[in-house]
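Below is one structure, written out as structure tokens; the observations come after it.
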Amino acid sequence: MNILVTGGAGYIGSHTCVALLEAGYSVIVADNLCNSKVETIDKVKQITKKDILFYQIDVTEEDAVDKIFSNHDINGVIHFAGLKAVGESIEKPLTYYYNNLVSTMVLAKACQKHNVKRLVFSSSATVYGDNIVPFVETMNLLPTTNPYGETKAMSERILTDIAKANPAFSVSLLRYFNPVGAHESGLIGEAPNGIPNNLMPYVTQVAKGKREKLSVFGNDYPTVDGTGVRDYIHVVDLAVGHVAALDNITEGVHVYNLGTGQGTSVLELIQAFEDANSVEVSYEVVNRRPGDIASCYADASKAERELGWTAKRDILAMCRDAWRFEKNYEE
Ligand code: NAD
Ligand code: UD1
């Protein structure tokens with residue numbers, strides 16, 4: 001089975017390529033490398049000792065995408081390619097709407113033209129907005145606070161309508177909670193450009209001495225210790241979740257939360273990181289970050305019931321693996 005993985009050189013995509021190759025799938029990656037490096041593809045080959053076909057293309061370009069579908073007998077698509085920086089999406093909304101929506105439509109069109117019946121899409125827990133936790137797939141979606149989040153909600157709607165009109169088309173919408181950690185080899189992981197927006201990469205850079213201290217955004221939320229609570233999920237568990245989604249895909253549209261179901265506060269995560277790695281993480285509490293919600297964690301039971309998938313790695317493993325990658329990583 002040939003799987004086209006868009007954005008396969010990126011953080012979640014590269015780990016998913018490993019999981020797919022280990023499960024016996026053949027992988028074709030399409031990535032324009034706007035937020036990743038081609039060396040990551042070599043690292044995936046090194047980990048799995050298997051080959052990958054790589055196309056450096058922009059998936060908003062219809063002709064380039066069409067060529068891949070013409071050259072290969074593709075059995076399924078996993079669409080990771082997208083821009084994901086929340087703050088940047090507020091500054092450059094058109095760039096975000098164009099990249100994230102056009103890529104989704106170009107791929108859906110190529111699937112229809114070439115009779116490819118399976119598509120798995122990277123969505124986000126951000127589409128739940130400020131619903132009451134735990135988030136369940138049946139909840140009404142609430143507006144997000146930024147264009148990035150809106151591109152996820154809109155892509156979900158576009159793919160849902162396409163699948164409704166084409167009953168043989170199977171779409172799996174995967175709502176990720178907070179992916180962290182790295183492959184246990186330490187060869188691939190999350191390497192954001194510039195100042196990290198997300199908590200775990202900031203923590204690893206403080207531990208490495210690259211940044212002085214972490215700013216904890218608010219300690220007056222209605223949570224266990226006042227700091228924000230999130231459902232951190234090991235990126236390898238998330239990657240395995242994609243294989244489960246592909247293996248169990250059925251006609252129509254199916255939505256799955258991919259999370260652990262467990263909430264961890266910012267202070268709990270700092271403590272876990274220090275315990276797991278015997279390093280200190282300096283921090284200070286500052287004002288809340290605009291647009292943040294107090295708590296976000298999954299009801300992860302549907303993926304267990306229907307896909308037979310649950311997250312296996314705990315917060316200590318996430319912290320250990322994130323730190324191993326950061327220590328090894330050279331820019
Ligand atoms: P990433 O930036 O590491 O990976 C995305 C990859 O897509 C990059 O390699 C980038 O070069 C590529 N890309 C972007 N636009 C492209 C285009 N037009 N054509 C070809 N390649 C393109 O991000 P990630 O964390 O691996 O996220 C993967 C997907 O999961 C994204 O769609 C993201 O929005 C979604 N997601 C991520 C998170 C998270 O916390 N990391 C959470 C929820 C959802
Ligand atoms: C952020 C995005 C969300 C996106 C998700 C995964 C915002 C408002 N939301 O969510 O749309 O889907 O990343 O990419 O940006 N924190 C600190 N200090 C930091 C960084 C974070 O205290 O330097 C706190 C946050 O306030 C939050 C928690 O750590 O409580 C997790 O933050 P983060 O990793 O940015 O993820 P989300 O806020 O869940």
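Everything numeric here is computed off the predicted structure, so don't read it as measured data. For the single chain, residues carry numbers from 1 onward in sequence order. Read the numbers this way: they start at 1 and go in the same order the structure lists the ligands and their atoms.
- The protein atom (non-hydrogen) at minimum distance from atom 2 (O) of ligand 1 is N35 ND2, 2.7 Å.
- The residues R175 and E137 are annotated as not salt-bridged, no charged nitrogen and carboxylate oxygen being separated by less than 4.0 angstrom.
- Using modelled atom types and a 3.5 Å distance limit, the side chains of S103 and H79 yield a donor-acceptor pair.
- Residue, atom and distance of the protein heavy atom nearest to atom 26 (O) of ligand 1 are I12 N, 2.8 Å.
- Scanning the protein heavy atoms around atom 22 (C) of ligand 1, the nearest turns out to be N32 OD1, 3.1 Å.
- The proximity of N198 to ligand 1, defined as any non-hydrogen pair under 4.0 Å, does not occur for either the backbone or the side chain.
- In the candidate list F80, Y11, Y176, F80 is nearest to atom 28 (C) of ligand 1, counting heavy atoms.
- Under the 4.0 Å criterion applied to side-chain N and carboxylate O atoms, K312 and D237 are not assigned as salt-bridge partners.
- No hydrogens or angles considered: nothing links the side chains of N257 and Y297 as a donor-acceptor pair under 3.5 Å.
- Remark: K210 NZ is packed, more than 12 non-hydrogen atoms of other residues, nucleotides or ligands lying under 6.0 Å away.
- Heavy atoms of D58 approach ligand 1 to within less than 4.0 angstrom.
- When only interatomic distances are considered, the shortest N/O to N/O separation between C34 and ligand 1 falls below 3.5 Å.
- Results of the salt bridge (Lys or Arg N to Asp or Glu O under 4.0 Å) test with K208 over E326, E330, E280 single out E326 as the only residue that passes.
- Side-chain rings of H72 and Y55 approach one another, their centers coming within less than 6.0 Å.
- Taking the six-membered ring for Trp, H15 and F80 have ring centres at least 6.0 Å apart.
- Looking at ligand 1, you'll find an N or O of Y148 within less than 3.5 Å of one of its N or O atoms.
- Under the 30°/60° scheme for interplanar angles, the aromatic rings of F273 and W323 are found to stand perpendicular.
- Looking at Y25 and D247, their side chains do bring a donor and an acceptor atom within 3.5 Å of each other.
- Here the heavy atom of the protein found nearest to atom 19 (N) of ligand 1 is V59 N, 2.9 Å.
- Atoms CD1 and CG, on I188 and N328 in that order, are 12.5 Å from each other to the nearest 0.5 Å.
- Contacts of ligand 2 (protein heavy-atom distance under 4.0 Å) are V86, S124, T126, Y148, N178, N197, N198, L199, L214, S215, V216, F217, G228, R230, Y232, V266, R289, D292.
- Neither the backbone nor the side chain of E190 comes within 4.0 Å of ligand 1, counting heavy atoms alone.
- Here the CZ atom belonging to F177 is positioned 9.5 Å from the CD1 atom belonging to I233, to the nearest 0.5 angstrom.
- Nearest heavy atom pair, residue G194 against residue R211, reads O-NH2, 3.5 Å.
- Taking a 4.0 Å cut-off on heavy atoms, S123 registers as neighbouring ligand 1.
- Neither side chain, E150 nor Y96, offers a donor N or O lying under 3.5 Å from an acceptor on the other.
- Closest to atom 40 (O) of ligand 1, if we only count protein heavy atoms, is P179 CD, 3.2 Å.
- Counting protein heavy atoms only, atom 11 (O) of ligand 1 is closest to D31 OD1, 2.7 Å.
- Counting only heavy atoms of the protein, atom 5 (C) of ligand 1 lies nearest to G82 O, 3.9 Å.
- We find that D220 and R288 are joined by a salt bridge, their nearest charged nitrogen and carboxylate oxygen being less than 4.0 Å apart.
- Taking the centre and axis of the six-membered ring of Y256, the NZ or CZ atom of K302 falls inside the cone set by 45° and 6.0 Å.
- Taking a 4.0 Å cut-off on heavy atoms, R175 fails to register as neighbouring ligand 1.
- Remark: distances from the non-hydrogen atoms of I57 to ligand 1 include one below 4.0 Å.
- Considering backbone and side-chain N/O atoms, S124 never comes within less than 3.5 Å of an N/O atom of ligand 1.
- Ranking the protein heavy atoms by distance from atom 25 (O) of ligand 1 puts K84 NZ, 2.8 Å first.
- The shortest heavy-atom distance from S103 to ligand 1 is not under 4.0 Å.
- Neither the backbone nor the side chain of A125 has a heavy atom within less than 4.0 Å of ligand 1.
- Distances between N or O atoms of G10 and those of ligand 1 include at least one value under 3.5 Å.
- Under the side-chain contact (heavy atoms from CB on, under 4.5 Å) criterion, N219 pairs with T227, V285, sequence neighbours left out.
- Using a 4.0 Å heavy-atom cutoff, T6 is absent from the residues neighbouring ligand 1.
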